[in-house]
A.B. asks: 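Structure below; questions to follow.
In what follows, every chain begins at residue 1, and chains take the letters A, B, ... in the order their sequences are listed. In this text, all values refer to a predicted model and were calculated from it rather than measured experimentally.
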There are 2 protein chains.
Amino acid sequence: MNERTKSFEGWQVCSNSALKRATRQLGQLYDDLIDASGLRGTQYTLMTQIHMNSGSSLKVLAESMVMDLSALGHTLKPLIRDGMVELVPDGKDRRVKRVKLTEAGIEKWQEATRLWREAHERFERLFGEEQAKALRDTLNLIASKDFAGRFRAGSDKD
Amino acid sequence: MNERTKSFEGWQVCSNSALKRATRQLGQLYDDLIDASGLRGTQYTLMTQIHMNSGSSLKVLAESMVMDLSALGHTLKPLIRDGMVELVPDGKDRRVKRVKLTEAGIEKWQEATRLWREAHERFERLFGEEQAKALRDTLNLIASKDFAGRFRAGSDKD
DNA sequence: CTCATATAGTGGCATATGCCAGTAAATTCC
DNA sequence: GGAATTTACTGGCATATGCCACTATATGAG
């Protein structure tokens, strides 16, 4: 409301805002490159995780993605509708549904992977391999259950 | 649960996935704390930006948020509906609408700021002030126009 | 001045995500 | 064994975001 603080910007102080802003930008950059596959970044990531851990339950998949279970369900719908993913009811526990890519899904994933690689390489070149790795480690720490637990616990380290 | 701990995970290799995953987690942690204000993290960030740059046009605001103009418009709707934000048509250029917080909006922002501070302090304590600052700098670099330009340009740092 | 073009927003549609209230199936307790 | 509780998902509602098409304005070329 005043001109004095004119240049104050939330993301210079708030890590959460900074994270979201950077995520929007990088998401955009990656999306532009894998767009030709018809997939979005999130869908590609999801398919990668499904492919590499085929047969996981929705619950487990949601946890690994650090995503709400119902959110995962919603996000999966267009992929199921388009025949990329399928849910297979577990034989033993009938509450459980196991997720896997269909044949078409695997092909689409491979196609998208070729496009993703270009984005990945650009990022690595521009940002630096070492730093990119360090950034991912940092982000994965923040995404860890341990971190969330400590944060919720109150604050103090140890 | 998987016996083989070999499970390949995208975010160990893909910076974009890692960013989104960490953003979901931290967003959740912050949201839980400012929830009492009735605002979401994004809304709070947006209101902060509006408050500190009162009277900006939607276009300018969207750019600073690294957000699509139409996305900003959508995000603003609930805030306008709830009387937190108002759009004031520019006198000179009638295409332009200037954004500002209402009285109620300012009060709500102050209330949310008290809650946000707790989240901020927890993060700083847990993550480390120095590192938090470094992380924000890194993220702000990724969110910069310069970075996007170079990324789109191809790659080389030239 | 007039017309072609660029600019700022809006509205519709689609995905991304989360919360909450069910539903159904498995597990625990008595 | 049967009721109470927990667990795994689903569906509805709301916000978060982006793309595209369209409208209203402003601007620049002639």
Side-chain angles (χ1 to χ4, degrees), chain A residues 16-17 19-32 34-35 38-47 56-63 65-82 84-85 87-99 143, chain B residues 1 16-17 19-32 34-35 38-47 56-63 65-82 84-85 87-99:
Chain A
N16 189 37
S17 312
L19 209 35
K20 292 196 180 189
R21 215 170 67 113
T23 296
R24 281 192 293 268
Q25 173 107 111
L26 199 63
Q28 198 60 46
L29 296 173
Y30 271 62
D31 275 0
D32 286 348
I34 66 169
D35 180 67
L39 293 177
R40 303 295 204 59
T42 298
Q43 299 180 317
Y44 174 64
T45 297
L46 194 45
M47 285 176 73
S56 296
S57 65
L58 289 176
K59 179 76 185 307
V60 168
L61 182 57
E63 271 169 16
M65 292 285 295
V66 184
M67 189 180 284
D68 180 90
L69 173 60
S70 72
L72 172 62
H74 298 319
T75 302
L76 239 27
K77 263 172 196 163
L79 291 172
I80 292 173
R81 176 200 62 201
D82 299 339
M84 300 291 113
V85 171
L87 300 184
V88 186
D90 182 284
K92 318 256 168 68
D93 190 331
R94 284 182 299 177
R95 289 170 306 182
V96 176
K97 292 192 180 170
R98 304 199 165 282
V99 196
Chain B
M1 99 133 65
N16 189 37
S17 312
L19 208 36
K20 291 195 179 189
R21 215 170 67 112
T23 297
R24 281 193 293 268
Q25 172 108 109
L26 199 63
Q28 198 60 46
L29 296 173
Y30 271 62
D31 275 0
D32 286 348
I34 67 170
D35 179 68
L39 293 177
R40 303 298 202 58
T42 298
Q43 298 180 318
Y44 174 64
T45 298
L46 193 45
M47 285 176 73
S56 297
S57 66
L58 289 177
K59 180 77 183 308
V60 168
L61 182 56
E63 271 168 16
M65 292 286 292
V66 183
M67 190 180 282
D68 180 90
L69 173 59
S70 73
L72 171 63
H74 297 318
T75 302
L76 239 28
K77 262 171 198 165
L79 291 172
I80 292 172
R81 177 201 59 200
D82 299 339
M84 301 290 113
V85 171
L87 300 184
V88 186
D90 182 284
K92 317 259 168 64
D93 190 331
R94 284 183 299 176
R95 290 171 304 181
V96 175
K97 292 191 179 171
R98 305 201 165 279
V99 195

A.B. asks: Can you check whether A/V60's main-chain N or O pairs, donor with acceptor, with A/E63's side chain at less than 3.5 Å?
C.D. replies: no
A.B. asks: Between A/R24 and B/M65, is there a donor-acceptor pair closer than 3.5 Å when you use the side chain of the first and the backbone of the second?
C.D. replies: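 Yes, because the side chain of A/R24 sits within donor-acceptor range (under 3.5 Å) of the backbone of B/M65.
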A.B. asks: Examine distances only and state if a side-chain atom of A/D82 and a backbone atom of A/M84 form a donor-acceptor pair shorter than 3.5 Å.
C.D. replies: no
A.B. asks: Would you kindly give the CG-to-C1' distance between A/D32 and D/dC19, to the nearest whole Å?
C.D. replies: 11 Å
A.B. asks: Indicate whether the side chain of B/T45 and that of A/K20 have a donor and an acceptor atom separated by less than 3.5 Å.
C.D. replies: no
A.B. asks: Between D/dT7 atom P and A/E63 atom CD, what is the distance in whole Å?
C.D. replies: 11 Å
A.B. asks: Can you give one letter per nucleotide of nucleotides 5-10 of chain C, going 5' to 3': B for a protein heavy atom under 4.0 Å from the base, S for sugar-phosphate only, - for none?
C.D. replies: --BSBS
A.B. asks: B/D31 has an atom CG; how far is it from atom P of C/dT17, in whole Å?
C.D. replies: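 To the nearest whole Å, that distance equals 14 Å.
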A.B. asks: Under 4.0 Å between a side-chain N or O of A/Q28 and OP1 or OP2 of D/dC19?
C.D. replies: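 Checking A/Q28 against D/dC19: at least one side-chain N or O falls below 4.0 Å of OP1 or OP2.
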A.B. asks: Are any of B/T42's side-chain N or O atoms less than 4.0 Å away from OP1 or OP2 of D/dT17?
C.D. replies: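 Affirmative; the distance criterion is met.
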A.B. asks: Between the base of D/dG18 and the side chain of B/H74, is one N or O donor paired with an acceptor at under 3.5 angstrom?
C.D. replies: yes
A.B. asks: Between P on D/dA8 and CG on A/L76, what's the gap in Å once rounded to a whole number?
C.D. replies: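 Going from CG in A/L76 over to P in D/dA8 covers 17 Å.
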A.B. asks: Salt-bridged, A/K92 to A/D90, with N to O below 4.0 Å?
C.D. replies: no
A.B. asks: Provide, to the nearest angstrom, the distance between the CG atom belonging to B/D35 and the P atom belonging to D/dT15.
C.D. replies: 14 Å
A.B. asks: Expressed in angstrom and rounded to an integer, what is the separation of A/L29 atom CG from D/dG18 atom P?
C.D. replies: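 Atom-to-atom, A/L29 to D/dG18, this comes out as 12 Å.
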A.B. asks: Reading DNA chain C from 5' onward, which residue's closest nucleotide shows up sooner: A/G41 or A/K92?
C.D. replies: A/G41
A.B. asks: Return the value, rounded to whole Å, for the distance between atom CD of B/Q43 and atom P of C/dG18.
C.D. replies: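 Rounded to whole Å, this separation is 15 Å.
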A.B. asks: I want to confirm an ordering. Mapping A/M67 and A/R94 to their closest nucleotides on DNA chain C, which one lands closer to the 5' end?
C.D. replies: A/M67
A.B. asks: With respect to the phosphate group of D/dA14, does any side-chain polar atom (N or O) of B/R81 fall under 4.0 Å of OP1 or OP2?
C.D. replies: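 B/R81 to D/dA14 OP1/OP2: no side-chain N or O under 4.0 Å.
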A.B. asks: What is the distance from CZ of A/R24 to P of D/dT17, rounded to the nearest Å?
C.D. replies: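 To the nearest whole Å, that distance equals 5 Å.
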